[in-house]
Amino acid sequence: MTTKINSIKCKPTLKIYRTDGAQAGWEKRLDAIGSGTYLLHEEMDYSRNRTLPKIGDRLGESKRFADGEIYHRQSDWLVAKVQSYPGVGEDCDWDEIILCYCQFEPIESKWERVATLEEIVAQQVAKDTGLEVVKG
């Protein structure tokens, strides 16, 4: 008897953001051993309501500054083309693979501090209960 899997997807969607060598700015990207790479970003999407990235979307970038906090901003890379491929075979680790080809379009983007999980939870508790959460 074959076990049926419910409608919730069990495997993630793999999203790969890359550039081709012809794009200005690609030479600034180095992999772990210092070689040039076309790979800009890779992520696995486990969410239930998965959507394709859209042409014109910008990649984000995050950085930890000297104050120990993490900051985020929009990057100089813009999605220019999107291709989607189904995961094939039972041994495939992904439900779908999405390739996003990006082009280098520099912008002025301000670094903004990212709230910690503790801060997000405290805000939600305060909103739900009307009580202020005190750090201690």
Side-chain angles (χ1 to χ4, degrees):
M1 182 174 151
T2 306
T3 305
K4 289 188 177 184
I5 299 174
N6 62 23
S7 62
I8 297 174
K9 293 182 178 181
C10 296
K11 295 180 181 179
T13 294
L14 174 63
K15 295 178 183 177
I16 299 172
Y17 297 84
R18 59 157 301 171
T19 183
D20 61 34
Q23 289 293 316
W26 80 270
E27 67 279 357
K28 296 177 185 174
R29 306 292 305 184
L30 299 177
D31 64 15
I33 60 171
S35 299
T37 180
Y38 300 129
L39 181 65
L40 298 170
H41 180 70
E42 177 180 287
E43 65 187 49
M44 288 190 280
D45 184 351
Y46 288 89
S47 66
R48 291 184 185 184
N49 301 320
R50 300 177 197 171
T51 58
L52 284 173
K54 295 184 244 17
I55 292 173
D57 286 352
R58 284 205 176 264
L59 273 69
E61 60 182 332
S62 299
K63 181 177 179 181
R64 185 178 301 272
F65 281 85
D67 64 2
E69 301 291 340
I70 297 174
Y71 290 78
H72 181 82
R73 70 175 180 182
Q74 289 187 326
S75 79
D76 293 328
W77 294 98
L78 185 75
V79 175
K81 181 170 110 178
V82 178
Q83 296 175 339
S84 174
Y85 303 94
V88 178
E90 289 185 25
D91 62 340
C92 185
D93 293 335
W94 302 282
D95 182 57
E96 179 180 27
I97 299 170
I98 298 172
L99 291 177
C100 300
Y101 293 87
C102 300
Q103 57 191 31
F104 188 72
E105 290 192 17
I107 59 169
E108 285 292 323
S109 183
K110 182 180 167 189
W111 288 102
E112 296 181 14
R113 185 179 164 277
V114 176
T116 64
L117 181 57
E118 181 181 76
E119 291 168 336
I120 294 169
V121 169
Q123 288 173 351
Q124 189 62 47
V125 168
K127 180 180 169 186
D128 292 346
T129 65
L131 301 173
E132 183 179 343
V133 177
V134 179
K135 259 183 155 177

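For this chain, numbers begin at 1 and follow the sequence in order. Fair warning: this is a prediction, and the values are worked out from it, not measured in the lab.
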Can you give me the closest heavy-atom contact between [X] and [Y], atom names plus distance?
X: Ser62; Y: Ile70; answer: CB-CG2, 4.3 Å
X: Leu14; Y: Met44; answer: CD1-CG, 4.1 Å
X: Thr19; Y: Cys102; answer: OG1-O, 3.2 Å
X: Pro12; Y: Arg50; answer: C-NH1, 3.6 Å

Could you pull out every donor-acceptor pair under 3.5 Å between side chains of residues 83-93 and any protein atom, sequence neighbours left out?
unit_1	atom_1	unit_2	atom_2	d
Gln83	OE1	Tyr85	OH	2.8
Ser84	OG	Glu96	OE2	2.4

Rounded to the nearest 0.5 Å, what separates atom [atom1] in [X] from atom [atom2] in [Y]?
X: Gln103; Y: Trp77; atom1: CD; atom2: CH2; value: 9.5 Å
X: Ile98; Y: Thr51; atom1: CD1; atom2: OG1; value: 8.0 Å
X: Cys100; Y: Leu78; atom1: SG; atom2: CG; value: 11.0 Å
X: Glu42; Y: Lys15; atom1: CD; atom2: NZ; value: 12.5 Å

### Query
Are Leu59 and Val79 close enough, and set up right, to give a side chain to side chain contact (heavy atoms under 4.5 Å, CB included), and what steps lead you there?
CA-CA 8 Å; Leu59 273 69; Val79 175; 4.2 Å; yes
### Task
Mind checking side-chain hydrogen bond (donor to acceptor under 3.5 Å, both in side chains) for Gln74 and listing every partner two or more places apart, or none if nothing turns up?
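For Gln74, no residue satisfies side-chain hydrogen bond (donor to acceptor under 3.5 Å, both in side chains) once neighbours in sequence are set aside.
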#### Entry: ring pair (Phe, Tyr, Trp, His ring centres under 6.0 Å) partners of Tyr101, counting only residues at least two apart
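For Tyr101, no residue satisfies ring pair (Phe, Tyr, Trp, His ring centres under 6.0 Å) once neighbours in sequence are set aside.
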### Message
Run Ile107 and Arg58 through side chain to side chain contact (heavy atoms under 4.5 Å, CB included) and show every step you take.
### Response
CA-CA 10 Å; Ile107 59 169; Arg58 284 205 176 264; 3.0 Å; yes
### Task
Scan residues 71-82 for pairs that pass salt bridge (charged side-chain N to carboxylate O under 4.0 Å, His left out), counting only residues two or more places apart or in two chains.
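Matches after skipping sequence neighbours: Glu61-Arg73.
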### Connected via hydrophobic side-chain network under 4.5 Å: Leu99 and Leu39
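Yes, because Leu99 and Leu39 connect within a single hydrophobic cluster, where side-chain heavy atoms sit under 4.5 Å apart.
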### Task
If you link ILVMFWY side chains whenever their heavy atoms are less than 4.5 Å apart, which other residues fall into the same cluster as Trp111? By chain and number, please.
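Members besides Trp111, by chain and number: Phe65, Tyr71.
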#### Entry: Residues which pass salt bridge (Lys or Arg N to Asp or Glu O under 4.0 Å) with Glu105, listed by chain and number, not counting sequence neighbours
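Once residues adjacent in sequence are excluded, Glu105 has no partner under the salt bridge (Lys or Arg N to Asp or Glu O under 4.0 Å) criterion.
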